[in-house]
Every structure is written in structure tokens, then in C-alpha cells.
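Sequential numbering from 1 along the given sequence is applied to the chain's residues.
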Amino acid sequence: MHNEVHKKYGSAGRHKLIVRIVAILLAAVFVLMLASQIFLYALAENTSDVDALKARQATLQAQLEDYQTQLDALEEEEAAAVAEYQLLEEQNQVLANQIDATTALVDSYDAQIEATTEELAQAEEEHQEYYELYCQRVSEMEQGGTVSLWEMVFSSSSITELLTALDDMNTIIQYDNDILQQMTDLEAEISEKEAQLTEAKEEQEAQLTQLQEEQEQLQKNEDRAASVLAEIEDNMDLYAQQIEEMTVECSDLDEDILEAETLAAQQAAEEAAAAAQAEQEAAEQAAAEAETSEAATAETAVESEADASVQTSSDETSSTQTSDTGEETSSADTSAEAESDEEEESSNLLGSSHASSSSSSSNSSSNSSSSNASSSSNSSSSSGVTGADVVAYAVQFVGNPYVWGGTSLTNGCDCSGFVVSVYAHFGYSLPHFSGSLRYCGTGVSYSEAQPGDIICYDGHVGIYMGDGQMVNAYDSNHGIIICAVNTSRLVAVRRILT
């Protein structure tokens, strides 16, 4: 009878306990689902913001490349325009030199013509004077001057003297005629020279006019080339200014994207921590309620069993009194003894139940403490440490300040100080210099990078988290943050954990 009651109430208590545990687990699952939905919604909002910024950056980058292409084309046009302008300028200079030479030649012809004209006038003047003197002498000889033909005939004593006188006269006349002819020839020569100089001057003047016309046209072409070159340079300045503005905007967008990604990572980390905390609290609450429910069920079962025993003893006592009055006292004593025994047994059962519960709780706490101690021991030792352990430890310090040369994960550190301090927690001693860290451990390619590996830039380092993300002490403006790996700056990936 006693065993049947214990089995009956013990089974009912276990059933209630199971139902309560299931209800608590369902409530915990609901809380976790709600937290995950909130987390995913916040993450979606941050992701959409980052995507919008990246889309804007991609658009600006495309425009920047287009402007750069146009600027490159303008630079080629500028080079061609400069070459054309320089060629026209050289041609114009050559033409100007020709014009100067032709002008000088024309001027020299003017001087020669002027000198020839003066020479001709002087020759004509001398010819005229000599001709007048010749005419005067002939007239005097032929018209009864100081020397006359009849005088020579009558004054001559002989034919020989007469012929000699005539010959002398003829010689004088012939000489005068020769002089006059030479003067005439000289005048003709000077006149011809003057005509040639005049003709040469006219030719040079015509050539000078043509050169001046060519120079005028060449100057127009040079002015047009200069105008085209100026327009190209203005367009180049405009494109260069637009490229500079877009470059600044792209740089600002880089900072905005980094800030948005950092904010999203921080919110994700906070939400994940909150969800983990909620899960842990729900599990602890479920365990506590399960323990309380188990203890209450055991106590109820013991009390029910004790009540049943007392009722059975009472029935037996009543039956004994009815059948045999003489044995009433003995039966009463027996009943009292039984009741006392039952109460003592009930008390012992309750004490045993509480002791068992306390022992179970103590063992659970002991196991939990032992597990935590074991976990803490494993995470702080160099053997058995995983990259996930390193990352999980490192992200706790996101948001803390950046201090150049520092190694404090809470009060401030620089990029290499952050890596050194994180690995020091797990028993690894690394050099506090980004240039030395790129030679520590084993080198791997970025495609083979795993969480916990060290990402090395030129002058900067961080800890790889996976999925293209890294946690690092970025700079004094951002502090310790999570950001995307910039593969264009990547110089090495080093694996410390083996």
C-alpha cells in the first residue's frame, strides 16, 4: 500500500515537472526567437544603410572613372594642340624672319636706286657741261673763232704743215666725240642699272606683300590654336576640380561606410550578447524552477504518503476497538506508536528529500564551477586555444580607445599593442611592433585565412574574424573597431595558433 501510494504520487509529480520544464523551454525559445527577430531587423537596417552608401560610392566611382577618361582624352588633345600651336609659332617666326630679310632687301634696293639716280644725274650733268663746251669750241673753230680753217690754210707755209694742222684739229674733234660717246654710254648704263634695281625692288616688294599675307593668315591660325588650347585647359581644370571634389566625397563615403559597418558590427555584437544573456538567464530560470518543482513534488509525495499511512492506522485502530474493548488501550498505544513512527518516517523522508535536493544543487553548482574553471583554464593557456577563442576575447574590447604605444585593452592601445595584449592573454609573447608581427608564426595566403590570424598592412595590424572582417585598434578617431579587410593594403597574413 505504501509503495503503491509512493509510485502514484511520484509519477504524477514527475509528469508535472516535465510539463513545467517543457513550458519553460518553450518560453525561453519564444524569447530567443523574439530577440533574434529584433537583432535581424536592426542588422537589416544597418545593412541597408551600408548597401546604400556603397551604392552611392559605386556611382561616384563610375563617374570619377568617366571624368578621368575624359580628362585623359583632353590631355591628349592638349598635347596635340600644344604641338600644333608650337609648329604655327615656329612657322610664324620663320615667316617673320623672311619678312624682315625681304624688307631689309627692299630698303637696300631703295638705297641703291637712290644712289644710282644721283649717279645718273651727276653723269648727265657732266655730259651736258662737256657737250656745251664741245659745241662752243666747234662753233668758234667753224664760225671765225680764234682758230679757223682759212687761217690754218693761209698761215701754213707748206702742205705738210697744213695737213698736220688739219690732223690736229681732227684729233681734237675725235677726242671730243669719244668723250661724248663715253658719257652717253655711261648714262645708258646707269639708266639700265636703275631700271634693274627698280625691277628687283618691285619683285621684292611683291614677295614682301605675299609674305605679309601669309603671316597674317598664319597669325590667325596661331590665334585659333591658342584659343583651342585655352579652351582645352579650361575644360581640364574643370574636370580636375570635379575629380578632386568626387575624390573627397569618395573619401568621406569611405569613412561613412566604415562608421556604418562599425556601428552595425557593434550593434550585432550587443544584440548577440543580449540574446546570449537572455538565453543564459532563461536557462538558469528554467533550471531553478525545475529544481524548485522537483523539491515541491517530492515533498507533496511524502506528505501524501504520510497522510495515507495515518489514515490506514486510524482505520485499523477503530476496527480493533469495535471488536475487542479489552484491547482498546493496547490498540490505542499501538496506533499512537504507528502514528509516531509514520510521522518520524515522513520527517525522515522530507529531510532526505531536502538533503538530496541540496546535494543535487550543490553538485550542479560544483560541476558548473568546475566547468567554468576548466573553460577559463583552457582559454588562458596556449595549448588547445582556437581562433574563435581569440576572436571572442578580442571583440570584448570594441569601442575602447586608441593610444599610440599603449598595450591596455581597456585604457588604450595601438594596433600592435592590441594584437600583442590579446595573444598575451592566451600565453603567447609577441613583439610590440607591426613590422615585426608580419614575420611571426606561419605565413598563409588571404584565401586560406582563418579566425585568429594576424592581418598585416604596411604599418598596421589586426586580428582576422572571418567573412572578410577584422577587429583592430584603428586610429585615435575610431579606437578599437570591427571593419572590412582592405585587400589592396594587405602585405601578409600570419598564423600564430598551430
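Side-chain contact check for Leu497 versus Tyr423: some heavy-atom pair is nearer than 4.5 Å. Proximity of Asp389 to Phe426: side-chain heavy atoms (C-beta onward) are separated by under 4.5 Å at one or more points. Annotation: side chain of Val420 is not in contact with side chain of Thr407 (no heavy-atom distance under 4.5 Å). Contact annotation: the side chain of Tyr457 approaches that of Ile455 to within less than 4.5 Å [non-hydrogen atoms, C-beta and beyond]. Taking 4.5 Å as the limit, some side-chain heavy atom of His460 sits within range of a side-chain heavy atom of Asn472. In this structure, Pro401 and Asn411 have side chains that are not in contact, with every pair of non-hydrogen atoms separated by 4.5 Å or more. Leu211 is listed as a side-chain neighbour of Gln207, based on a closest heavy-atom distance under 4.5 Å. Put simply, the side chain of Val493 does not reach to within 4.5 Å of the side chain of Tyr464, judged on heavy atoms.
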Practice task
Show the numbers, then the answer: is there a side chain to side chain contact (heavy atoms under 4.5 Å, CB included) between Arg56 and Leu53?
Solution key: CA-CA 5 Å; Arg56 172 61 179 164; Leu53 289 173; 5.7 Å; no
Handout entry: Chi angles and distances behind the side chain to side chain contact (heavy atoms under 4.5 Å, CB included) call for Ile481, Leu258
Key = CA-CA 9 Å; Ile481 63 170; Leu258 177 61; 3.9 Å; yes
Practice task
Would you check, one step at a time, whether the test side chain to side chain contact (heavy atoms under 4.5 Å, CB included) holds for Ile480 with Cys413?
Solution key: CA-CA 9 Å; Ile480 300 175; Cys413 59; 4.0 Å; yes
Exercise for the section: Please report the C-alpha distance between Leu490 and Asn486 in whole Å, then the side-chain angles of each, then the deciding distance to 0.1 Å, and finally whether the side chain to side chain contact (heavy atoms under 4.5 Å, CB included) criterion is met. Expected result: CA-CA 7 Å; Leu490 189 65; Asn486 187 352; over 6 Å; no
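Partners of Glu205 by salt bridge (charged side-chain N to carboxylate O under 4.0 Å, His left out), not counting sequence neighbours, listed by chain and number: Lys201.
Here the side chain of Thr59 pairs a donor or acceptor atom with the backbone of Ala55 at under 3.5 angstrom. Not one N or O on the side chain of Asp467 forms a donor-acceptor pair closer than 3.5 Å with the backbone of Gln469. Remark: side-chain polar atoms of Ser421 are not paired, donor with acceptor, to backbone N or O of Leu409 under 3.5 angstrom.
Shown here for Cys250 and Gln61, the closest heavy-atom pair between the two residues is SG-OE1, 4.0 Å. Nearest heavy-atom pair across Cys415 and Tyr402 is N-CE1, 3.8 Å. The two atoms that bring Val391 and Pro451 nearest to each other are CG2-CB, 3.9 Å, heavy atoms only. Across Gln215 and Ala96, no two heavy atoms sit closer than the pair NE2-CB, 3.7 Å. Between Arg494 and Gly441 the shortest heavy-atom distance is NH2-O, 3.1 Å.
Within the model, atoms CE of Met236 and CD of Glu233 stand 7.5 Å from one another, a figure rounded to the nearest 0.5 Å. Gln204 CD to Thr209 OG1: the interatomic distance, rounded to the nearest 0.5 Å, is 11.0 Å. Considering CD1 of Ile496 and OG1 of Thr498, their distance stands at 9.5 Å, rounded to 0.5 Å. Atoms CG and OG1, on Leu95 and Thr102 in that order, are 9.0 Å from each other to the nearest 0.5 Å. To the nearest 0.5 Å, atoms CD (Glu222) and CD (Gln91) are separated by 10.0 Å. Note: Leu229 CG to Gln86 CD = 9.0 Å, rounded to the nearest 0.5 Å.
Ring geometry, Tyr393 versus His425: the interplanar angle falls under 30°, so the pair is classed parallel (tilted spans 30 to 60°).
A salt bridge links Arg438 with Asp458: the closest approach of a Lys/Arg side-chain nitrogen to an acidic carboxylate oxygen falls below 4.0 angstrom.
Heavy-atom contacts from other residues, nucleotides or ligands closer than 6.0 Å to CG of Asn97 number more than 12. The number of heavy atoms from other shown groups lying within 6.0 Å of OH (Tyr446) is above 12.
With 3.5 Å as the limit, one finds a donor-acceptor pair spanning the side chains of His432 and Asp414. A donor and an acceptor atom, one from each side chain of Asn235 and Glu231, are nowhere located under 3.5 Å apart.
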Throw together a table of side-chain donor-acceptor distances under 3.5 angstrom for residues 68-81, partners on residues two or more places apart or in other chains.
from: Gln68; atom 1: NE2; to: Asp72; atom 2: OD1; distance (Å): 3.1
from: Thr69; atom 1: OG1; to: Glu65; atom 2: O; distance (Å): 2.9
from: Gln70; atom 1: OE1; to: Tyr239; atom 2: OH; distance (Å): 2.2
from: Gln70; atom 1: NE2; to: Asp66; atom 2: OD2; distance (Å): 3.0

